[in-house]
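Remember, it's a predicted structure, so these values are computed and weren't measured experimentally. Quick note: numbers below take in every heavy atom, side chains included, and nothing from hydrogens, waters or symmetry partners. Position 1 is the first residue of the sequence; numbering continues from there.
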Amino acid sequence: MSLPSNYSPDSPVPGHQRIFGARDLFSLWFSLGIGLMVLQTGALLAPGLGLAGSILAIATGTLVGVLLLAAVGVIGSDTGLSAMAALRLSLGKHGAALPAILNLLQLIGWGSFEIIVMRDAASLLGAQSFGENSAWNSPLLWTLFFGGLATLLAVSGPLTFVRRVLRKWGIWLLLGACLWLTWNLFAKADLAALWARAGDGSMSLAVGFDIAIAMPLSWLPLIADYSRFGKRASRVFGGTALGFFIGNFWLMSLGVAYTLAFAPSGEVNALLLALAGAGLGIPLLLILLDESENAFADIHSAAVSSGLLLRLKVEHLALAIGIVCTLIACFAPLAQYQNFLLLIGSVFAPLFGVVLVDHFVLRGRRLPARVTSLHLGAVLAWAGGVATYHLLANYAPDVGATLPALLLAGLLHGVLGFSRGRETVPA
């Protein structure tokens with residue numbers, strides 16, 4: 001069977017073209033859970049929490065995050081709709097416009113960040129291998145290369161990428177790279193001493209949890225763009241949760257350990273140089289190339305989101321957005337993105353608290369009888385969750401904000417939804 005190209009964001013994927021099984025989704029989400037930005041997020045946690053505290057924050061944050069991520073993925077497989085199109089079922093046609101715009105903006109930001117991360121890492125490796133004045137140390141060259149690669153993958157579409165690249169050989173290269181970095185760490189670092197050493201207290205466990213959970217939650221507005229091609233909900237849930245948890249927990253933990261063992265200054269370049277010393281830099285190079293898959297997902301899903309606003313083909317929008325991300329990466333420096341991760345949680349975690357309750361509780365995984373212009377109760381519940389997030393983040397940071405905001409938004413929507421009732425039809 002030939003692989004279909006990109007589908008319209010408005011229309012459900014036909015049942016006979018839902019070809020992703022658990023292995024496909026495991027490969028995709030294991031890959032998306034791995035990356036240089038994941039390693040660098042681990043480096044953020046290392047000084048304040050130490051190795052033991054960081055591992056606890058990563059394990060709990062990632063576990064809760066992937067369960068929520070996989071549950072949202074089931075919505076894509078239940079409806080066959082893209083992520084932003086599925087929001088219309090919960091928020092209404094006009095209510096889903098704002099999340100689509102916010103999602104487009106944050107995906108362009110993420111896509112640009114990914115290209116910047118790849119550029120800086122490749123330039124550092126080039127300078128280390130061929131000298132400071134070498135052409136391989138050209139930031140512009142690497143920006144154009146990685147921007148072009150990510151755009152090409154996004155234009156080709158998710159089915160071609162997952163089935164022909166990741167599933168056949170990409171997943172095995174990534175596993176090999178992770179195993180080599182892990183072996184190098186155990187061979188050269190005194191992990192027992194690192195485990196016994198406490199962090200400096202500059203970060204609380206709750207903030208570490210929020211940073212860790214932000215990584216899987218940052219994919220909530222995208223996952224249905226890929227899970228809509230899933231065969232069965234159980235395979236979508238299992239493949240997504242297991243793949244992302246293993247990849248994200250593994251790489252973020254390596255980021256913590258490598259920072260504490262070999263780059264105590266916490267500087268990005270020091271971490272990259274430490275990683276480059278393992279296996280002649282080949283594992284780092286493979287992870288660097290894998291980062292292009294994250295940028296591909298950002299660009300493709302940005303195109304799908306904008307496809308709800310502009311009546312253009314997704315592949316044409318992907319080309320335009322890829323060019324925009326590449327241009328931004330050419331002129332924007334890599335900044336501290338801890339606040340960016342937390343901002344994503346403040347907007348999208350409460351939103352998907354509403355969506356999860358609407359789909360699984362109020363509608364029982366059925367389609368609504370009709371899609372109205374605006375579901376005011378759902379929008380109010382979302383706004384209440386966002387306000388809760390920022391109140392907790394500002395006045396009670398030790399409590400954590402992401403999970404309480406998501407739960408409160410879902411609870412508010414459940415109360416408002418049960419009071420009004422919702423007509424449904426079988427999916």
Side-chain angles (χ1 to χ4, degrees), residues 31 33-47 109-151 173-174 176-185 187-189 215 247 250-296 298 325-338 340-341:
S31 170
I34 288 175
L36 292 175
M37 292 186 76
V38 178
L39 288 163
Q40 291 171 9
T41 301
L44 287 177
L45 305 178
W110 271 117
S112 303
F113 269 130
E114 298 285 1
I115 294 170
I116 291 169
V117 167
M118 291 185 286
R119 173 199 70 196
D120 289 352
S123 297
L124 184 67
L125 288 175
Q128 183 185 33
S129 302
F130 302 102
E132 292 287 342
N133 298 322
S134 168
W136 297 104
N137 188 29
S138 169
L140 179 60
L141 171 67
W142 289 117
T143 300
L144 295 176
F145 172 78
F146 286 114
L149 177 60
T151 302
L173 293 178
L174 288 175
C178 293
L179 287 170
W180 188 278
L181 288 176
T182 304
W183 173 85
N184 182 73
L185 176 69
K188 297 182 179 179
M215 296 303 289
W250 197 350
L251 260 288
M252 201 181 296
S253 299
L254 284 177
V256 173
Y258 267 83
T259 298
L260 293 173
F262 308 119
S265 65
E267 295 180 2
V268 172
N269 284 354
L271 174 61
L272 291 176
L273 287 172
L275 292 165
L280 303 176
I282 294 175
L284 179 60
L285 179 61
L286 292 174
I287 292 174
L288 173 61
L289 291 174
D290 175 69
E291 197 78 22
S292 63
E293 298 162 10
N294 295 41
F296 136 77
D298 294 327
C325 289
T326 304
L327 290 174
I328 292 174
C330 284
F331 300 104
L334 177 60
Q336 169 62 266
Y337 62 95
Q338 176 178 342
F340 183 58
L341 287 175

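Here the closest non-hydrogen pair linking Leu36 and Ala121 is CD1-CB, 3.6 Å. Minimum interatomic distance between Ser112 and Ala329 (heavy atoms only, all atoms of both residues): O-CB, 4.0 Å. Nearest approach of Leu185 to Tyr258, heavy atoms of both residues: N-OH, 3.7 Å. Here the closest non-hydrogen pair linking Ala150 and Ser292 is CB-O, 4.0 Å. Taking each heavy atom of Thr259 and Gly255 in turn, the nearest pair found is OG1-O, 2.7 Å.
Remark: Leu140 engages Ser138, Leu144, Cys330 in a side-chain contact (heavy atoms from CB on, under 4.5 Å) (not counting sequence neighbours). Ser123 is linked by a side-chain contact (heavy atoms from CB on, under 4.5 Å) to Arg119, Asn137, Pro139, Trp142, counting only residues two or more places apart in sequence or in another chain.
Atom-to-atom distance recorded for Ile328:CD1 and Ile115:CD1 is 9.0 Å, nearest 0.5 angstrom. Between the CD1 atom in Ile34 and the CG atom in Asn294 there is a gap of 9.5 Å [rounded to 0.5 Å]. Interatomic distance, Asp120 CG to Thr143 OG1, rounded to the nearest 0.5 Å: 7.5 Å. Distance CD1/Ile116 to CE/Met37: 9.0 Å, rounded to 0.5 Å. One distance of note links CD1 of Ile287 with CG of Leu173; it measures 11.5 Å at 0.5 Å rounding. For the atom pair OG1 of Thr326 and CZ of Phe145, the computed distance is 12.0 Å after rounding to the nearest 0.5 Å.
Between Val38 and Trp250, every side-chain heavy-atom pair lies at or beyond the 4.5 Å cut-off. Phe113 is not listed as a side-chain neighbour of Asp298, based on a closest heavy-atom distance of 4.5 Å or more. Taking the side chain as every heavy atom from C-beta outward, Leu149 and Met118 never approach each other to under 4.5 Å.
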